[in-house]
Each structure stands twice: as C-alpha cells, then as structure tokens.
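In what follows, a structure is listed as structure tokens, so that the remarks can point back to it.
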Amino acid sequence: MISDWEVLGAVEPRHLTEARLQLHHAVQAIPSFAQALVPARDDDSHRAMTWDASRRAFLSEPAAGDTFLRVCLAPGSLELSVSGRDRPTRTRALLGGTLRDTHTWLERELRGMPGIAEDLRLAEPDYDLPDHAVADGATLDAGSEGGAFEELARWYANAAAMLERLRKVEPHATAVRCWPHHFDIASLVVLDPDIGASTGRSVGVGFSPGDEGYPLPYWYVTPYPYPGTPELVPLPSGGVWHTEGWFGAVLTGDRIVRSRDPEVQSGAVSEFLESAVRTSKSLLAD
C-alpha cells in the first residue's frame, strides 16, 4: 500500500470516457513539442511524459533553455503551461478553446525562447489517436460529468506513486513514463539487463485510463515474450488474465472503487501487481 493514496470513485470509472478522450488529444501538445525540440532517443522516450505530482500535470522532457511544457489538471480547469529559463511561466486555459488555437498559441510562445528558432513549426505526432470531435475543431469542455478531469488526475497520481514504489524493489525497472500514443503510464521490469529490454525478457507494469479493449481505467502486467499456453493461477482483487491478441493480467477500475477506503483500494492494486509480476516472472523462467 502507499500512504498518500487518493481515494477513487468520486466519478464512476464508466463515466470517465469523454474526459479521457479529450485529455488524450490535449496532451499531444507535449509530443509535438518534444519531437521538434528534444533530442531524439531510439526508444522514443523523448516524446514521453512524466507525472508532476506537485502540479498535478503531465510534464515534457526538457528542451533547450530548460524549457518545459505541462498539461495541468488543476481543480475545475485544464491548462497548458510553458516555462523556461529567464522567462516567466505562460499559461493557457484549454477548456472552452480548440486544439488548433492552442497549437497556434504554443508556437508563438515558444518562438525566440533560448535555443528555439523564431520560425518554429510544430508537427502533429505520426501515430493514430482515438476519434473525437476535438481533433476536428470542437472545443474542449468539462463534459457532462463534473470533476472528471480531477478524477483522472487522481488515477494518474496513484499510478505514478505505485509505479515508483515498484521501482524501489525492482533494481532494473525503467523510469516511470506516460506514453502519449496509448496514454498509459508504465515501467518495464528488465529481467536480462545484460541483454537489454529490446531483446531480453521483461515484465511491463502499467496503468491505462481506458481504451477500445477496456473502456474503464485498468492496471496491467504483461510478460515478454508472451508464453505459449501456460497454466494460469487465479489473481487477487478481481484481476483476470487476458489471452486474446496479447497476454497479460488486468485489473479494471470498477473492481478498485467497490470500496471507498484508501487502504482497501491501494491494497487491492498492490496485491494484484505483486501477484501478477511474480507469476509473470515464473512464466518467463520456465
């Protein structure tokens, strides 16, 4: 369990879809910024985000001049901010505006900052996103479920804290990052550090706010390479094994919010992860 767990369930997991889709599109400002201004890495982690707990925000990698981009889930609002050396932070409210207007604002604010060209152009990331009207010019709004963005912030805050806790007991776990393509936040437990994560065995541990396969927020644990037809042990906390298309353990958000006790919620996730990681390691050892 983690001591600072934030209670989930103020907005039911099944009512988070609209806010999740809008937020998924809104955070694409960060990979657009990163692919233009942050030195590229082979694993694409330069476009990934981290969770800034103090500001309840998705945070970019630093660009020239210690320039950072954040998408902040402040109570009652959604904001994009730019901060850099020798210049005050500039902030734009995202709710009530369009992504196109935000794109134009961001280019204007970045131009001329230390190490950034006056003719900067930001391109959209080269991957597909879930369909939503905001991609075609609709305004971002809070949706019919008040507090949905704040609830998503609680899910991500808990996930980041839980994954950092995992890293303390797994010496070869990678940095906790949120990947803007699928919008999941995860760490990879590398089991063959001498070979590396790309070819060796590993166990992926992460949280997704939902997707086409699982519309509710969910936790997952995936061993790599996928085992053939293993004999699977039951998982605690209502977790299940997913075996079609990909292999892994899944714990959906509806199971977590059955109790509103923070210790029960945190304990359910912790027990699921510990069991699923342990079983995944065993499967990869066979």
> What is the distance from atom CG of Leu188 to atom OG of Ser202, rounded to the nearest 0.5 Å?
Replying inline: 4.0 Å
>> Before you tell me yes or no, could you show the steps for Val71 and Leu23 under side-chain contact (heavy atoms from CB on, under 4.5 Å), namely the whole-Å CA-CA distance, both residues' side-chain angles and the distance that decides it to 0.1 Å?
In response: CA-CA 9 Å; Val71 174; Leu23 185 60; 4.2 Å; yes
> side-chain hydrogen bond (donor to acceptor under 3.5 Å, both in side chains) between Glu18 and His132: does it pass, once the steps are laid out?
Replying inline: CA-CA 9 Å; Glu18 176 64 21; His132 195 277; 2.8 Å; yes
> Could you state the interatomic distance from SG (Cys72) to CZ (Phe149), rounded to the nearest 0.5 Å?
Replying inline: 13.5 Å
> So how far is it from Leu191 CG to Ser280 OG, rounded to the nearest 0.5 Å?
Replying inline: 9.0 Å
> Is it the case that one hydrophobic cluster holds both Val205 and Val190, taking links as side-chain heavy atoms less than 4.5 Å apart, direct or via other members?
Replying inline: no
>> Between Leu129 and Leu106, is there shared hydrophobic-cluster membership here, with clusters defined by ILVMFWY side-chain heavy atoms closer than 4.5 Å?
In response: no
>> Minimum heavy-atom separation for Arg167 and Thr174, please, with both atom names.
In response: NE-O, 3.1 Å
>> In this structure, would Ile116 and Leu80 fall into the same cluster of hydrophobic residues linked by side-chain contacts under 4.5 Å?
In response: yes
>> Which heavy atom of Ala26 sits nearest to which heavy atom of Leu78, and what is that distance?
In response: CB-CD2, 4.5 Å
>> Rounded to the nearest 0.5 Å, what separates atom NE2 in His24 from atom NE2 in His182?
In response: 8.5 Å
>> If hydrophobic clusters are built by linking Ile, Leu, Val, Met, Phe, Trp and Tyr wherever their side-chain heavy atoms come under 4.5 Å apart, do Leu166 and Ile256 end up in the same one?
In response: yes
Pairs of donor and acceptor atoms involving the side chains of residues 215-240, under 3.5 Å and at least two apart or interchain, shall be tabulated with distances.
from: Tyr218; atom 1: OH; to: Asp211; atom 2: OD2; distance (Å): 2.5
from: Tyr220; atom 1: OH; to: Asp184; atom 2: OD2; distance (Å): 2.5
from: Ser237; atom 1: OG; to: Ala268; atom 2: O; distance (Å): 2.7

> After noting the C-alpha distance and the side-chain angles of Val277 and Phe272, does the key distance pass the side-chain contact (heavy atoms from CB on, under 4.5 Å) rule?
Replying inline: CA-CA 8 Å; Val277 170; Phe272 164 77; over 6 Å; no
>> Any non-hydrogen side-chain atom of Trp5 less than 4.5 Å from a side-chain atom of Met162?
In response: yes
> side-chain contact (heavy atoms from CB on, under 4.5 Å) between Leu152 and Arg20: does it pass, once the steps are laid out?
Replying inline: CA-CA 7 Å; Leu152 285 170; Arg20 181 251 297 175; 4.2 Å; yes
> Taking all non-hydrogen atoms of both residues, which atom of Asp119 and which atom of Arg111 are closest, and how far apart?
Replying inline: C-NE, 4.3 Å
> Rounded to the nearest 0.5 Å, how far apart are CG of Asp42 and OG of Ser198?
Replying inline: 9.5 Å
> So with a 6.0 Å cut-off around CZ of Arg55, is the heavy-atom count from everything else above 12?
Replying inline: no
>> Can you see whether Asp261 engages Ser259 through a side-chain donor-acceptor pair at a distance of less than 3.5 angstrom?
In response: no
>> Given 3.5 Å as the limit, does a donor-acceptor pair link the side chain of Ser275 with the main chain of Glu271, or not?
In response: no
> Which heavy atom in Ser187 sits nearest to a heavy atom in Val176, and how many Å separate them?
Replying inline: CB-CG2, 4.3 Å
>> Do Trp51 and Met49 make a side-chain contact, defined as non-hydrogen atoms from C-beta onward lying under 4.5 Å apart?
In response: no
> Quick one: does Leu110's side chain get under 4.5 Å of Leu37's, heavy atoms only?
Replying inline: yes
>> Tell me if a side-chain donor or acceptor on His242 pairs with a main-chain N or O of Glu244 at a distance below 3.5 Å.
In response: yes
> Does the side chain of Val7 come within less than 4.5 Å of Val257's, by heavy atoms?
Replying inline: no
>> Working note: Ser54 + Asp52, criterion side-chain hydrogen bond (donor to acceptor under 3.5 Å, both in side chains); need CA distance, chi angles, decisive distance, verdict.
In response: CA-CA 6 Å; Ser54 64; Asp52 183 343; 2.8 Å; yes
> Do Ser60 and Arg70 come within less than 4.5 Å of each other through their side chains, counting heavy atoms only?
Replying inline: no
> Looking at Arg47, Gln28, His181, which hits side chain to side chain donor-acceptor pair (under 3.5 Å) with Tyr127?
Replying inline: Gln28
Let me check something: any side-chain donor-acceptor pairs from residues 89-103 under 3.5 Å, sequence neighbours excluded? List them with distances.
from: Arg90; atom 1: NE; to: Glu109; atom 2: OE1; distance (Å): 3.1
from: Arg90; atom 1: NH1; to: Pro88; atom 2: O; distance (Å): 2.4
from: Arg92; atom 1: NE; to: Thr102; atom 2: OG1; distance (Å): 3.3
from: Thr98; atom 1: OG1; to: Asp101; atom 2: N; distance (Å): 3.1
from: Thr98; atom 1: OG1; to: Asp101; atom 2: OD2; distance (Å): 3.2
from: Thr102; atom 1: OG1; to: Thr98; atom 2: O; distance (Å): 3.1
from: His103; atom 1: NE2; to: Glu107; atom 2: OE2; distance (Å): 3.2
from: His103; atom 1: NE2; to: Leu122; atom 2: O; distance (Å): 3.1

> Is a side-chain N or O of His46 found less than 3.5 angstrom from the main chain of Arg41, in a donor-acceptor match?
Replying inline: yes
>> Looking at Asp141, is its backbone amide N or carbonyl O close enough to the side chain of Gln22 to form a donor-acceptor pair, meaning the two atoms are under 3.5 Å apart?
In response: yes
>> Could you go through Lys281 and Glu170, starting from their C-alpha distance and side-chain angles, then the distance that decides it, and tell me whether this counts as salt bridge (Lys or Arg N to Asp or Glu O under 4.0 Å)?
In response: CA-CA 12 Å; Lys281 287 181 176 179; Glu170 294 288 351; 2.7 Å; yes
>> Just checking Tyr156 against Phe183, ring centres under 6.0 Å apart?
In response: yes
>> Can you confirm whether the side chains of Ser270 and Glu274 place a donor and an acceptor under 3.5 Å from each other?
In response: yes
>> Nearest 0.5 angstrom please: Arg278 CZ to Leu273 CG, how far?
In response: 11.5 Å
> Can you check whether Pro62 reaches Thr67 side chain to side chain, under 4.5 Å on heavy atoms?
Replying inline: no
>> Please tell me whether Trp241 and Val250 are part of a single hydrophobic cluster in this structure, the criterion being side-chain heavy atoms less than 4.5 Å apart.
In response: yes
> Which atom names give the shortest non-hydrogen contact between Ile185 and Ala160, and what distance separates them?
Replying inline: CD1-CB, 4.0 Å
> How far apart are the closest heavy atoms of His25 and Ala135, and which atoms are they?
Replying inline: CE1-CB, 3.7 Å
>> When you measure from the side chain of Asp43 to the backbone of Ser45, do you find a donor-acceptor pair of N or O atoms at a distance under 3.5 Å?
In response: yes
> Side chains of Phe68 and Ser81: closer than 4.5 Å at any heavy-atom pair?
Replying inline: no
> Can you tell if the side chain of Glu150 reaches within under 4.5 Å of the side chain of Leu73, non-hydrogen atoms only?
Replying inline: no
